Amino acid sequence: MKITDLTDQLIASYASVGGINHLDGSNLPSRTGIVGITTDLLRLLFPGFFDDKVTHSSEIKMETALLMDSVAGRLEDEILKSIEARPPDDAAKVNPRGAARKLTLEFLGKLPKVREVLTTDVDAAFDGDPAAKSKEEIIVSYPFIEAIAVQRLAHVLYGEGIELIPRIMAEWAHSRTGMDLHPGATIGTHFFIDHGTGTVIGETTTIGKHVKMYHGVTLGARSTSGGQELRGQKRHPTIEDHVTIYPGATILGGETVIGAHSTIGGNVFLMDSVEPHSLVIYDGLDMRVLNKQEKVKASDYHI
Amino acid sequence: MKITDLTDQLIASYASVGGINHLDGSNLPSRTGIVGITTDLLRLLFPGFFDDKVTHSSEIKMETALLMDSVAGRLEDEILKSIEARPPDDAAKVNPRGAARKLTLEFLGKLPKVREVLTTDVDAAFDGDPAAKSKEEIIVSYPFIEAIAVQRLAHVLYGEGIELIPRIMAEWAHSRTGMDLHPGATIGTHFFIDHGTGTVIGETTTIGKHVKMYHGVTLGARSTSGGQELRGQKRHPTIEDHVTIYPGATILGGETVIGAHSTIGGNVFLMDSVEPHSLVIYDGLDMRVLNKQEKVKASDYHI
Amino acid sequence: MKITDLTDQLIASYASVGGINHLDGSNLPSRTGIVGITTDLLRLLFPGFFDDKVTHSSEIKMETALLMDSVAGRLEDEILKSIEARPPDDAAKVNPRGAARKLTLEFLGKLPKVREVLTTDVDAAFDGDPAAKSKEEIIVSYPFIEAIAVQRLAHVLYGEGIELIPRIMAEWAHSRTGMDLHPGATIGTHFFIDHGTGTVIGETTTIGKHVKMYHGVTLGARSTSGGQELRGQKRHPTIEDHVTIYPGATILGGETVIGAHSTIGGNVFLMDSVEPHSLVIYDGLDMRVLNKQEKVKASDYHI
């Protein structure tokens, strides 16, 4: 078997095995392009933080204008591709370029609002983590800030009905931070996820203000079959204000509500709602300690 | 103390502290090289998906031929290094270059088969996730597709007895997706891992068809000591067809079999086999809810 | 609304929304710079392993000298920035450049010692994982080696009182490996974390020798409020020698001590100390298996 024969076989499989080819006039937004745009959006949100050189106030106006111009043009092109991939009867297809421009400007106009909310997230991270020495340390080194900034940006695009682009943005942040925060999730101010690896927040999750979570937390969906029939339904939990969720807790279901001021302990699996001010926890009695007399001292619940 | 003295000290430690140097005629496959090859293999599997420019059908034959040629040459070189690192009496060492070429061609000849199986994985992801808007979204943005594509490629090399290269491929995908899918694992068609961060599938795992898993699932080994003595034994679970495993479940042991059509709930820890059609779940009774009357309503188990 | 108006709005928000700008004479260490330095430090620790070309013994002295010189200069510059960001009355501010040089040389002088400890970690990984075919495979492909090497380097800088740089180093490794190992944690020899995604080790954790952990393990803090008041206190567990901790276990609290030779099972949530030689495990009785007669056979505890 020669390499040319193998090539012919592979090309033949492009024709015969459907579903995973994407050729001829592809309108898919470019992953590389969207990663570049997202990186520049982070620079616009946190000016001076992610550049190696020092940025002076006197230059900031010029630099910001140049960066905004560049981002606007590239984002408009990607949104245009996203619109062109819509069904033929979509309203935006009458004037796709104009629609893309309008959506781009609306999105960029919301950046100051996104900055405002992110400020509350930085505050929450600083207040919630004794290991943080300064707010600057948080912005420069905490993966959570990158994850939540990308989620809040992607959530704006998601709200504008743009497909694929917010998802690619979110998966880029997921890859870098281990946090899978769906662009569809509605998340209140003063949010903080400590460590964050493995935390999943599903598409229809609603989260109140001052919620603190740890790594490995799942706010997920309950159903495993008939997936596509459930699209658009509320499938993920509602977390009210001032809730704390410890590492590894799994909370499932669209009707599950965690009442305000509740604490969910580590590794808890929960598919039912709990009232405000609840503490849900595995205590020591549910574990067995061998080689020792039976462990009966209850945990002190100081979590 | 000057910098030259510190350098001398460090170099002296290269000689005196063994075990972590690799100098002089290294035959180790190159991590950078293998990452490049893996990236190009993904482009061969999903033509047009990971390139920024649009690929037309008329160009696809020429482009595929060029890419196949390039991948074949580079992969052969890496496999050659892997063969040269084998013990002196290994059969392939009689004609290492010839053996490397043969293994390379055999591997590339299996790409159409790998594509066929990956099509079923894309179908499973689309069917299983209401958040997915299209199969294209899945291929472009779901980390699972990258993880399973790399695992299925690495599994072919693993089956050919090639060392190190499949492992480096898998760890590259692990780093990017958070999914640690060992090249040795045997995985059936229509497989899907949603979210995926922290999921671990061990070397001797066997997984049937139509299995759906979530993030944070462990299919692991039970033993903690005498590690090297257990090499080659079946140490990881068997998952039969149509099983669903929820986030954070930990299933250990080479004799553990999860029977077909079973569901394993979130955060379950399991070291025993379960019969087909089982539902294993922590229910509400095993948790304590404080500040409330005792929680006695059983979960409805609609997971 | 034109793009220039949007730019003006964004710039106005830079002035009015405080807390997330960093302009004018920024002294923050550069993330890009520190990533480059860390990569080169790994090359100094594992000579020949991470380069594509073969390094011969005859060249190693010259190459190491050049790399040490380059790393020393760049690290000194970053440490200088870290010192300049300290309060005005800090002792190092009398002669910041001199202090930065001294700290840099002290750090580089400890590289041989770090190599010595890392050798024991490679040994522990090889002994503990039957899937490992050779120690070379471990160094080249196991994410744990990168994570622990960076932690041990960052721990030295942390011990010298240098802020931000060790944290950025650790978060870089976290992003690549999914392991969040705080630079402050004190970790004994012969340490191994298998798979590793989602494992978190907090700032004031103390870990003995010959400890083996899996992915998804949390050695965390208990308190969720009054965060900044707790800075500097021992908030994370103590793990004694020869302890094994299975995937997904969550251990919280500064007074929690896991006695030597103990085993903590998968998904266990623990806020109390356990004596030496303990086995803490969820057994089958704490789970419910439906569609089957009640599951009463106890697990055999052979973990």
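These figures come from a predicted structure and were not determined experimentally. Reminder, nothing fancy here: chain letters follow the sequence lines and each chain counts from 1.
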Measuring from atom [atom1] of [X] to atom [atom2] of [Y], what distance do you get when rounded to the nearest 0.5 angstrom?
X	Y	atom1	atom2	value
B/Asp5	C/Met68	CG	CE	10.0 Å
B/His174	C/Thr177	NE2	OG1	8.0 Å
B/Thr7	C/Met62	OG1	CE	11.5 Å
C/Leu45	B/Leu10	CG	CG	7.5 Å

Options B/Asp180, B/Leu6, B/Thr4, ranked by heavy-atom pairs under 4.5 Å with chain C, top entry: B/Leu6
Chain C interface, residue from B/Met179, B/His182, B/Glu171 that has the most non-hydrogen pairs under 4.5 Å: B/Glu171
Side chain / backbone / both / neither for B/Gln9 at chain C, heavy atoms under 4.5 Å: both
B/Glu255: side chain to side chain contact (heavy atoms under 4.5 Å, CB included) partners, not counting sequence neighbours: none
Do the non-hydrogen side-chain atoms of [X] and [Y] ever get within less than 4.5 Å of each other?
X	Y	result
C/Tyr246	B/Thr250	no
B/Ser13	C/Glu116	no
C/Tyr214	B/Val200	no
C/Lys61	B/Asp8	yes

Under 3.5 Å, side chain of B/Arg31 to main-chain N/O of C/Ser141, donor-acceptor pair present? no
Is the side chain of B/Asn267 donor-acceptor paired with the backbone N or O of C/Asn267 at a distance under 3.5 Å, no angle test? no
Flag if over 12 foreign heavy atoms under 6.0 Å of NZ, C/Lys102: no
Residues passing the ring pair (Phe, Tyr, Trp, His ring centres under 6.0 Å) test with C/His195, sequence neighbours excluded, are C/His215
We want to know whether C/Arg176 and B/Ser175 form a side-chain donor-acceptor pair, criterion being a heavy-atom distance below 3.5 angstrom. no
Could you tell me which non-hydrogen atom of C/Ala72 sits nearest to which non-hydrogen atom of B/Ile3, and how far apart they are? CB-CD1, 3.5 Å
Toward chain B, the part of C/Leu44 with a non-hydrogen atom under 4.5 Å: both
